[in-house]
Structure formats: C-alpha cells, structure tokens
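Before any comments, here is the structure.
Computed from a prediction, not measured in an experiment: that's the story for all the values here. In listed order, ligands and their atoms are each counted from 1.
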Amino acid sequence: MKPRWTVHKFGGASLAGADEYRRVAEILTGSRNGRCAAVVSASFGITDRLLSLLELAVARPAALAAQIEDIRAHHEDLAHDLLGGTAGPEYIRAFGEDLETIASVLEAIELLHSAPPEAESLVSGYGEIWSARLLSGLIAEQGVPSGWLNARDVLTIEQAELGPVVDWQDSSQRLNETLADHRDELLIITGYVARTAAGIPTTLGRNGSDFSASIFGSLLEAETVVIWTNVDGVMSGDPRVVKEAAVIPQLTYNEAMELAYFGARVIHPGTMAPLIERGIPLYIRNSFRPEQPGTCIAPGDGEGNQVKGITIIDSMALVNLEGAGMIGVPGTADRLFGALREAGISVVMISQGSSEHSICFAVPEKHADSARDVVCRAFALEMDQGQIQGVGIQRRCSILAVVGDGMRGVPGVAATLFNALGRAGVNVRAIAQGASERNISAVIDGEESERALRAVHSGFYLSPQTVSIGLLGPGNVGGVLLDQIAGERDRLAADSHLDLRVRAIASSGRMLLGTRTIGLEGWRDHWARADAPLDLEAFGRHVQAEHIPHAVIIDCSASEKVAGHYAEWLA
Ligand code: ADP
Ligand code: ASP
Ligand code: MG
C-alpha cells in the first residue's frame with residue numbers, strides 16, 4: 001500500500017521573511033514520512049498590498065509605481081537571500097513576467113475606472129504563487145526533491161450564495177493527472193487560489209488558505225492536516241485581547257467550526273467541512289515553536305471543559321422588527337429571512353421572544369442599511385396598516401459567543417456568562433442559544449467588546465478566588481508582606497484555591513506594573529530595576545483590572561497622598 005499523505009499549511013505570518021521561509025523548510029524536510037504536501041499563503045501582508053493595487057488603479061494611479069516597487073523589492077530580497085545558482089535568477093525572471101501581467105491588468109482598470117471581480121482574483125492570487133515557487137526552490141536547493149503546483153490549474157470551484165463550492169470530481173481528476181509529474185517530491189501547493197469551471201482564476205476568499213489545505217487534505221485522502229501559524233494553537237480567547245488565554249488541546253469539528261464562524265480568525269470557518277467526511281484530524285500548531293503540541297481537532301463529542309472558547313465578532317448591526325401584527329401570524333420569519341436571502345444578506349444571529357412581538361437579527365454592519373430597506377419593502381403593507389411599528393437599527397454592535405459541546409444539558413453556563421457581563425457593566429442587547437446548546441451568543445455594544453471578552457473569559461477560566469493585588473510602600477513592613485505572600489502562594493493555591501497575583505508595587509516616586517503577576521521570588525530585583533514614575537491613577541486602574549474578579553490595594557506607605565485616593569478606589 002502506498003504511504004498516505006500529510007498536508008501541511010503555512011500562513012502568511014509563518015512566511016514573513018527569509019528566516020521564516022528557512023524555518024518552514026526545516027519543519028517540512030525534518031518531518032517527512034510518507035508523502036508530504038504543503039499549502040502556502042502569500043508572504044505576510046502581500047495579499048493586502050496586491051489588493052491595494054486594484055484600489056489605487058481606480059482612485060490614485062500615480063501611487064501605483066511605489067507600491068509595485070515595494071512588492072518587487074520584498075520578493076527579490078527573499079530570492080537573493082534564499083535561492084542561489086540558477087534558481088535565483090530564474091525566480092526573478094518569472095516574477096518579472098508576472099509583474100508585467102499585473103501591470104497590464106492595472107492599466108485596463110485605470111481606463112475602466114473600476115476593477116471587475118475577475119481582475120481582483122487574478123491579481124490578488126499572485127502572492128501565493130510567488131510564495132510557493134520560493135519555498136519549493138529553497139527546499140530543492142537543500143537536496144530534497146521538491147516541486148510546486150498551482151491550484152489555479154487543479155482546484156475547480158463555483159462561487160455560490162453561501163461561498164465557494166468545490167467540484168470534487170473535476171478537481172480530483174485534474175490533481176491525479178498533475179501528480180503523475182510530481183512523483184516522490186515534496187509538493188508545495190498554492191493556497192487561496194482556484195479556478196472556475198471555465199478556467200477563470202478565482203479565490204477561496206480572504207484567509208482562505210486554511211480551506212485550501214483541508215480541500216487538498218480531502219483530495220489526497222491525507223492521514224492528517226496540520227495548519228502552522230504564529231500562535232500555539234486555538235486559544236480560549238483571542239490572544240491579542242485576552243492575556244490569560246490558554247491553548248485548547250482538543251476540539252471537536254463542531255466546536256472548531258463554531259469558534260471559527262464566530263470570529264476566531266486562527267481557522268477559516270470553511271476548513272472543517274472537507275475533513276469531516278473522511279474523519280481526517282486537523283492540528284493547529286506554531287511554526288515558531290514546533291516543539292509545542294498545538295490543538296487537535298477531531299471527531300468526538302466534546303470532552304474536557306464545558307466551555308472551550310470565547311469569541312467576538314465586531315462591526316455588526318442589530319436589526320429589530322417590532323409589532324403586534326406579528327403575534328401568531330405564521331410565516332413571518334420565513335418572509336423576513338427569505339427577503340434577506342434574496343438580497344444576498346447573510347444573517348449571523350437571530351433572536352425572537354416567545355411573545356412573537358419582535359424579531360431581531362444581527363447582520364454585518366456594512367449590510368445594515370440594505371437590510372433595513374429589504375425588511376421595509378417586505379413588510380410595507382403591515383407597516384402602512386400599523387401592524388408593524390417599525391424597523392430599528394443599532395449599529396456598532398459586537399457578538400460575543402461562548403462555545404463548547406460540553407455545555408449541553410449543564411445548567412449554569414448562561415448564568416456564569418451573564419454574571420460576568422453584569423459585573424463588568426456590559427449591557428446585553430440580544431441573546432441567542434442554538435438548539436444544539438453548543439453556543440450561547442450575546443449582542444453587546446461594540447465599544448465594550450474587548451472588556452466583555454476579558455470579563456467573560458475570566459468568568460470561565462479564572463478561579464473566582466483570583467485576586468489582583470497592588471502594594472504601596474515596599475519598605476520593611478511591605479517588603480516582609482511580599483515575602484510572606486511569595487512563600488505561601490503555592491500552598492494557598494493548592495489548599496484554598498486562592499490565586500493571589502501581586503500585579504503592582506509602588507513607592508513615593510516610582511512603580512512596577514506586571515501583566516499577569518510580578519514574579520515574587522525575585523521581586524526585589526524587579527523592583528530595583530523599576531523606573532516608571534508613580535502615577536496613582538494608573539496604579540489604581542491596573543490593580544482593578546476588569547478581567548480579574550477581585551482587587552485589593554494594600555497601603556504600607558503612611559502617605560497622605562495615597563490616603564487621598566482611598567475613597568475613589570473603594571468607590
Ligand atoms: P495565518 O497567517 O497563519 O493564517 P492568521 O492571522 O490568519 O494567521 O490567524 C492567526 C491569528 O489569529 C493569531 O495570531 C491570533 O492573533 C488570531 N486569533 C484570534 N482569535 C484566536 C483564537 N481564539 N486562538 C488563536 N488565535 C486567535
Ligand atoms: N493570502 C490570503 C489572505 O491574506 C489567504 C490566506 O493567507 O489564507 O487572505
Ligand atoms: Mg489565516
């Protein structure tokens with residue numbers, strides 16, 4: 001029996017500069033057993049820059065030359081650094097030809113004053129092609145047989161209402177024909193790009209290389225698919241917002257799909273579908289820390305934590321349709337969502353009160369006005385007759401979603417969610433829970449989204465006994481107290497589940513603020529190096545972090561100025 005394929009995927013952040021390409025080559029050449037394919041994204045930021053060329057060609061053609069030069073310099077530098085011999089000049093020649101093609105497309109766009117979608121797909125997909133050529137060349141130079149394959153020649157898709165649909169039969173046939181030319185090679189495949197049935201270049205949409213990886217995983221009947229990115233795996237919350245976020249070791253396909261759909265950008269929401277059918281496990285790993293095990297996404301029924309992760313989608317609008325005329329009238333929802341579907345507006349979340357007096361739903365903010373127009377048209381008669389009072393829109397909303405298979409049938413999850421939001425003073429505008437009970441989502445004000453995410457994350461992941469501590473005056477008494485806390489911390493955590501986090505120390509002139517906690521074993525050294533000038537307002541705010549359930553400020557300073565802040569801190 002032939003050995004099975006492993007399909008890897010490397011995102012733009014894992015392919016930012018020459019060092020990153022070398023690291024990726026090392027992962028690939030070091031982990032080869034069986035047949036191995038790697039789907040690659042464009043180098044970091046290149047897709048954005050290619051897309052901006054199209055905008056510039058319409059609005060500011062004079063700025064095109066500099067942007068093209070920037071893209072050229074980036075790739076030529078990479079080629080000089082990574083490819084030698086004949087491979088380097090050959091790469092630069094092919095790259096130059098592509099730039100000429102792009103230049104002629106841009107010229108046409110300039111004349112038309114608009115960029116048709118086909119032009120956008122063609123131009124924006126070059127980043128993946130340049131990246132694949134580069135990585136394949138680099139690996140070949142290291143003596144490992146390597147070839148690259150342009151997904152524009154093999155992956156046939158159709159752009160449908162709900163996104164790209166793969167023509168499996170045609171793609172499989174094309175892939176098999178192409179594979180005959182690539183025996184025994186480590187195969188590099190372009191992510192993101194595809195073709196239509198008529199052979200016109202198209203794409204799987206932004207962030208679509210993850211989806212490419214799972215499609216090729218399925219086409220090649222891979223044993224596993226590994227998505228390499230720049231974080232240690234799928235995390236319990238967006239690590240850019242939640243410092244305490246932890247890697248989730250295991251997810252089911254459904255959990256991963258839900259997290260991706262509700263905003264965890266680390267995986268494209270389409271990724272899981274092609275894998276589910278064949279039961280191919282998916283790993284999310286860090287190309288910068290390959291020693292970390294990452295997240296494993298596989299079939300199953302959601303063991304472990306009840307709540308696996310918390311996500312946020314920003315830039316949403318909440319549309320509310322209200323009126324006594326909807327009570328007991330069958331088919332209202334059908335008419336409403338049918339009209340929206342016809343207008344091509346996707347509804348992210350729906351909530352209807354049991355009185356049927358109102359229905360509200362969330363749509364991307366950019367579709368808010370057209371959603372309102374569609375609804376007004378669909379219910380014009382009822383509005384005229386006063387059965388429906390109106391269509392309200394709230395812009396700048398966010399949807400916060402709590403996801404986990406294990407929430408099913410477990411009481412109290414919703415209570416923890418709303419408690420955490422309530423304590424953080426976040427107003428909830430609408431709520432939805434799917435019948436699968438895998439997800440509870442809440443619509444909140446956009447300005448409160450980061451605060452809400454931190455508060456809810458701490459509600460589920462921190463112990464209710466986590467205490468943020470700030471100490472003023474680390475002299476004799478204060479210093480001994482810090483030593484005592486350092487000595488007792490582990491015992492208190494083990495015996496009493498008390499998680500004491502000294503996060504701020506200040507004297508009359510300076511202060512030291514730590515994000516998670518200040519390492520207390522060597523606190524005197526940290527403190528000796530602290531040079532931030534004292535700012536009592538900032539000190540107070542830092543200690544009373546909204547993501548930690550409790551805060552304590554200990555004053556060992558005997559300072560009038562500090563005492564002057566007591567009332568405000570207690571308030
Ligand atoms: P790539 O270029 O590898 O496709 P992306 O930028 O598309 O990488 O996705 C990785 C990023 O997703 C991370 O750097 C992280 O900031 C962000 N992210 C958002 N939510 C999560 C989450 N729940 N877990 C992990 N990463 C997340
Ligand atoms: N390069 C494409 C993008 O930036 C696809 C991807 O990286 O997944 O959207
Ligand atoms: Mg991505």
Side-chain angles (χ1 to χ4, degrees), residues 8-16 20 23-24 27 38-52 71 120-121 123-132 151 155 164 189-194 202-216 226-249 251 255-271 282-289 292 294-295 297 307-314 400-404 449-450 453-454 456-457 460-461:
H8 299 266
K9 177 261 173 177
F10 296 91
S14 300
L15 297 166
E20 283 78 19
R23 189 172 294 124
V24 166
I27 291 175
V39 171
V40 291
S41 286
S43 183
F44 183 73
I46 292 299
T47 312
D48 286 338
R49 281 184 251 176
L50 287 167
L51 284 167
S52 80
I71 295 171
E120 190 174 301
S121 298
V123 172
S124 73
Y126 273 105
E128 271 63 17
I129 293 172
W130 298 330
S131 191
L155 175 53
I189 304 175
T190 54
Y192 179 57
V193 296
T202 183
T203 74
L204 295 171
R206 292 311 306 269
N207 219 1
S209 297
D210 299 339
F211 191 17
S212 308
S214 70
I215 295 171
F216 279 100
V226 189
I227 290 183
W228 296 86
T229 182
N230 62 348
V231 283
D232 284 349
V234 182
M235 308 193 66
S236 51
D238 185 337
R240 288 164 301 184
V241 179
V242 185
K243 298 255 166 20
E244 312 268 339
V247 175
I248 310 170
L251 284 171
E255 288 172 329
M257 217 148 32
E258 207 91 16
L259 287 170
Y261 177 74
F262 280 96
R265 80 165 267 158
V266 64
I267 341 172
H268 183 282
T271 313
L282 169 68
Y283 293 84
I284 310 292
R285 300 183 59 186
N286 191 341
S287 68
F288 297 83
R289 287 163 31 105
Q292 295 295 317
T295 298
I297 302 169
V307 169
K308 293 285 183 69
I310 300 149
T311 55
I312 283 270
I313 331 183
D314 290 321
L400 180 141
V402 174
V403 174
S449 88
E450 292 199 354
L453 179 58
R454 287 195 198 111
V456 172
H457 191 275
F460 284 103
Y461 285 87

What protein heavy atom lies closest to [atom]? Include the residue and the distance to one decimal.
| atom | result |
| --- | --- |
| atom 6 (C) of ligand 2 | Ser209 OG, 3.3 Å |
| atom 26 (N) of ligand 1 | Val266 CB, 3.4 Å |
| atom 12 (O) of ligand 1 | Arg265 CG, 3.2 Å |
| atom 10 (C) of ligand 1 | Thr229 OG1, 3.5 Å |

Against ligand 2, does Gly191 come closer than 4.0 Å with any heavy atom?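 Outside the 4.0 Å threshold, so no.
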Got an N/O contact under 3.5 Å between [X] and ligand 2?
| X | answer |
| --- | --- |
| Tyr192 | no |
| Asp210 | no |
| Lys9 | no |

Is ligand 1 under 4.0 Å from a heavy atom in the side chain of [X], in the backbone, in both, or in neither?
| X | value |
| --- | --- |
| Asp238 | both |
| Arg240 | side chain |
| Lys9 | side chain |
| Ser209 | neither |
| Asn207 | side chain |

Would you check the N or O atoms of [X], main chain and side chain alike, for any that come under 3.5 Å of an N or O of ligand 1?
| X | result |
| --- | --- |
| Pro239 | no |
| Ser14 | no |
| Met235 | yes |

Distance, nearest 0.5 Å, that separates CD1 of Ile267 from CG of Leu251: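 Here the interatomic distance stands at 7.0 Å.
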Output the distance between atom CG (Asn286) and atom CG (Asp232), rounded to the nearest 0.5 Å.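 Answer rounded to 0.5 Å: 4.5 Å.
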Over all heavy atoms of both residues, which pair between Lys9 and Ser209 is shortest? Give the atoms and the distance, please.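 Scanning both residues completely, I find the closest heavy atoms to be CE-CB, 3.6 Å.
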For ligand 2, the portion of His268 having any non-hydrogen atom under 4.0 Å away: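 The answer is neither; His268 stays 4.0 Å or more away.
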Could you tell me if any non-hydrogen atom of [X] lies under 4.0 Å from any atom of ligand 1?
| X | answer |
| --- | --- |
| Gly12 | yes |
| Arg206 | no |
| Ala13 | yes |

Quick check on contacts: which atoms of ligand 2 are under 4.0 angstrom from a heavy atom of [X]?
| X | value |
| --- | --- |
| Ser41 | 6 (C), 7 (O), 8 (O) |
| Arg206 | 3 (C), 4 (O), 9 (O) |
| Glu128 | 1 (N), 2 (C), 5 (C) |

Using a strict threshold of under 4.0 Å (side-chain N to carboxylate O), is an ion pair present between Arg265 and Asp210?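 A salt bridge is absent here (no side-chain N lies under 4.0 Å from a carboxylate O).
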Counting from 1, what ligand 1 atoms have a heavy atom of Asn230 closer than 4.0 Å?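 In order of numbering, the contacting atoms are 10 (C), 13 (C), 14 (O).
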May I ask you to check whether Thr229 brings an N, O or S atom to under 2.8 Å from the Mg ion (ligand 3)?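 It does not: Thr229 brings no N, O or S atom closer than 2.8 Å to the Mg ion (ligand 3).
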